[in-house]
Amino acid sequence: MVKGEPVEFAIPERLNLGAWFLDINLESGRGDRTALLYGESRCSYSDLWRLTNRMGNVLKRLGVEPENRVLLILEDSPEWVAAWLGTLKLGAVGTHAYTYLTPQDYGHLLALVRPKVVVVDGVTLERLREAARASRRPPAFLVAGDTVPALGKREYSLAAMLESAGEDLEAEPTHRDDIAFWNFSGGTTGSPKGVPHLHRDGVVCAEVFDRVFRYTAEDVVVRVPKLFFHYARDLGLLFPLRHGASIVLSRGKSSAAQVLSLIARHRPTVLITVPTMMRAMIQAPERERADLGCVRYCASSGEPLSAQLHREWVEAFGVEVTNRYGSAESGMGMLDNRPGVAVPGSSGTVTPSVEIRLVDAGGRDVPAGEPGTLLARCAAAGRGYVREHERSAQVFLGNGWVNTGDLFRQDARGYFWYLGRADEMVKVSGIWVSPLEVEQGLAACPGVGECAVLAVQDEDGLVKLRAFVAPAATEPVRADLAASIRRACRERLAPHKVPGTIEIVDELPRTGPGKIDRRALRERVALQRHAPAPVRCGPAAQA
């Protein structure tokens, strides 16, 4: 067992996270400081406090009471922030989802969350309407945006309701052990699973992160992942809000051009990013590059950050990136690379207050340096998945312990190295292979933007590796790209690790939280296997 350094702080019995994250700024005299930067607009902490209180009063008018759930499915905006904080101040439970899911996905979420109110905008309204038609408990829709379409039954204009809403809202005196919000564990397969967290969990996460990196009121924060992703919501919004920092918000899907433009305009001191966007920024034309000399802290999470990508990032922008590892279940980062001592390719060392074990299939601690499944004990850990009793018993082991299902090894310096999912290790030609290791080898090949590797059975029942590769943005489309990548693979990987098939695709499918959707890739393989003619993904070439 490995323990992070202890962290001591008090958690009051009466605790409301909405007030805890926001109201401290007015109490500390920071009301006039900038809280949010959104397009051409600036929102001070006093402005955000008033908007949050008005939002809370709007939700109350729609019948939201303590313990009711509110679902946010709208683009990043001051209204998103105020809806989240206002929900918590009411003592209600905050939940959120990605803005580009299908009506079927939203139907699943409505059935799982059973929200009293869903806050939407023009981007999501029609798909939510379609999803709600099959709902046994249709929620009220609160529609954000200056221009809203004709509204139907139980649909309300947020802008109109805010105009008449009062600015006084007393925070509900919630108990520290009341449920405050849900995280969603989307993973790479299956439907998202809800993980309820308590008000105390939010304080634990923020206080522990302060020991890894501490925001100041002078910080300006740019996020790549959107607010529906709990990593971005916490590190890129709530934690800096607590310290009076300024947060940049932007609409639409993140792109390299957009992120680089935001950096050039706002000169952030903190950048919250993901490896996919790091690769895209590196591949952006030189004329679009922004100077990142303003950044004092850059964090990456959500998917593995390879040593090669880490080094390329530092060479391209001259800014250290700190890879970290956490989960919706734990509620916080369990492993962190600290600023100044980040080791490329590693997930870092144990986060303060966290306990880690690496175990074998029998639950026994593995010898030092050997791979094992990571178990973590965190004070912010959830207690289970909503309406997933059997799966909860496999993951939430009691007394704060969470079985992550991820394989790691720890080196002599105490750094942990991610090896892939424990249930994804496969035997190829009689030898155990990690698809992640193959992906990292592929990613180093010229012309590869991003990739995913699956183990699939051929007609003889033999396991073969199949790679899906999205070309680099700067790579011209050419017929021999797959063959070129295969030749480069043979120089970097052992023969049994070279994918049997390399398929070039326009882009890789993503889950709601932005991870590569391996289930969708497996479904694509199944379609290709049974289709009367080859099914190609964009201008595909196979080798």
Side-chain angles (χ1 to χ4, degrees), residues 188 274-280 282-283 300 302-316 321 323 325 343-347 369 371 406-409 411 415-456 458 462-475 478 480-505 507-509 515-518 521-522 525 537 540-543:
T188 56
V274 293
T276 298
M277 183 55 68
M278 292 169 61
R279 171 62 65 193
I282 291 170
Q283 294 172 345
S300 172
E303 55 189 349
L305 174 61
S306 68
Q308 170 149 338
L309 179 55
H310 185 134
R311 287 190 288 267
E312 289 181 26
W313 172 266
V314 174
E315 290 171 3
V321 57
N323 190 27
Y325 169 84
V343 174
S346 80
S347 296
D406 288 326
L407 280 177
F408 281 84
R409 66 173 177 84
D411 66 19
Y415 285 83
F416 286 79
W417 299 79
Y418 180 62
L419 304 176
R421 292 288 299 171
D423 56 3
E424 288 180 356
M425 294 291 289
V426 294
K427 270 191 175 181
V428 179
S429 300
I431 305 172
W432 285 108
V433 175
S434 165
L436 174 64
E437 181 184 0
V438 179
E439 289 174 2
Q440 292 175 341
L442 270 172
C445 296
V448 175
E450 59 177 352
C451 60
V453 173
L454 300 181
V456 299
D458 64 13
L462 300 176
V463 174
K464 303 293 184 182
L465 295 177
R466 186 184 188 99
F468 295 85
V469 174
T474 55
E475 181 70 25
R478 66 178 200 265
D480 68 338
L481 180 57
S484 173
I485 293 172
R486 174 182 293 283
R487 288 193 296 271
C489 270
R490 288 175 176 149
E491 297 175 1
R492 291 171 168 81
L493 298 170
H496 66 282
K497 296 178 183 178
V498 176
T501 301
I502 297 176
E503 183 172 348
I504 307 300
V505 299
E507 61 181 5
L508 297 177
K515 298 181 180 180
I516 295 173
D517 190 340
R518 297 176 191 275
L521 290 175
R522 290 192 180 281
V525 170
C537 312
Q542 297 190 17

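Heavy-atom minimum distance, Tyr415 versus Ser346: CD2-OG, 3.5 Å. Listed here is the closest heavy atom pair of Gly441 and Leu493: CA-CD2, 4.1 Å. Of all heavy-atom pairs spanning Ala470 and Glu507, the tightest one is CB-CA, 4.1 Å.
In this structure, the side chain of Arg486 engages the main chain of Gly500 through a donor-acceptor pair within 3.5 Å. Checking side-chain atoms of Glu303 against main-chain N and O of Thr276 turns up a donor-acceptor pair under 3.5 Å. Using a distance-only test at 3.5 Å, with no hydrogens or angles considered, no donor-acceptor pair links the side chain of Arg466 to the main chain of Ala452. Distance alone, capped at 3.5 Å, is enough to place a donor-acceptor pair between the Ser434 side chain and the Leu419 backbone. With hydrogens and angles disregarded, a donor-acceptor distance shorter than 3.5 Å links the side chain of Glu439 to the backbone of Val453.
Residues Asp406 and Arg421 have side chains in contact (heavy-atom distance under 4.5 Å, counting atoms from C-beta outward). Within the 4.5 Å cutoff, no side-chain heavy atoms of Leu309 are placed close to those of Val321. Between Pro275 and Pro304 the shortest side-chain heavy-atom distance does not fall below 4.5 Å. Side-chain contact between Leu442 and Pro499 is present, with heavy atoms from C-beta onward closer than 4.5 Å. A heavy-atom distance below 4.5 Å is not found between the side chains of Asp411 and Val343. Two residues are said to be in side-chain contact when any heavy atoms from C-beta on lie closer than 4.5 Å; Arg279 and Glu312 meet this criterion. By the 4.5 Å heavy-atom criterion applied to side chains, Asn323 and His310 are not counted as neighbours.
Summarising the geometry, atom CG belonging to Leu481 is positioned 4.0 Å from atom CD1 belonging to Ile504; distances are rounded to the nearest 0.5 Å. One distance of note links CG of Leu508 with CZ of Arg518; it measures 9.0 Å at 0.5 Å rounding.
Salt bridge Lys497/Glu437: present, at least one basic N to carboxylate O contact under 4.0 Å.
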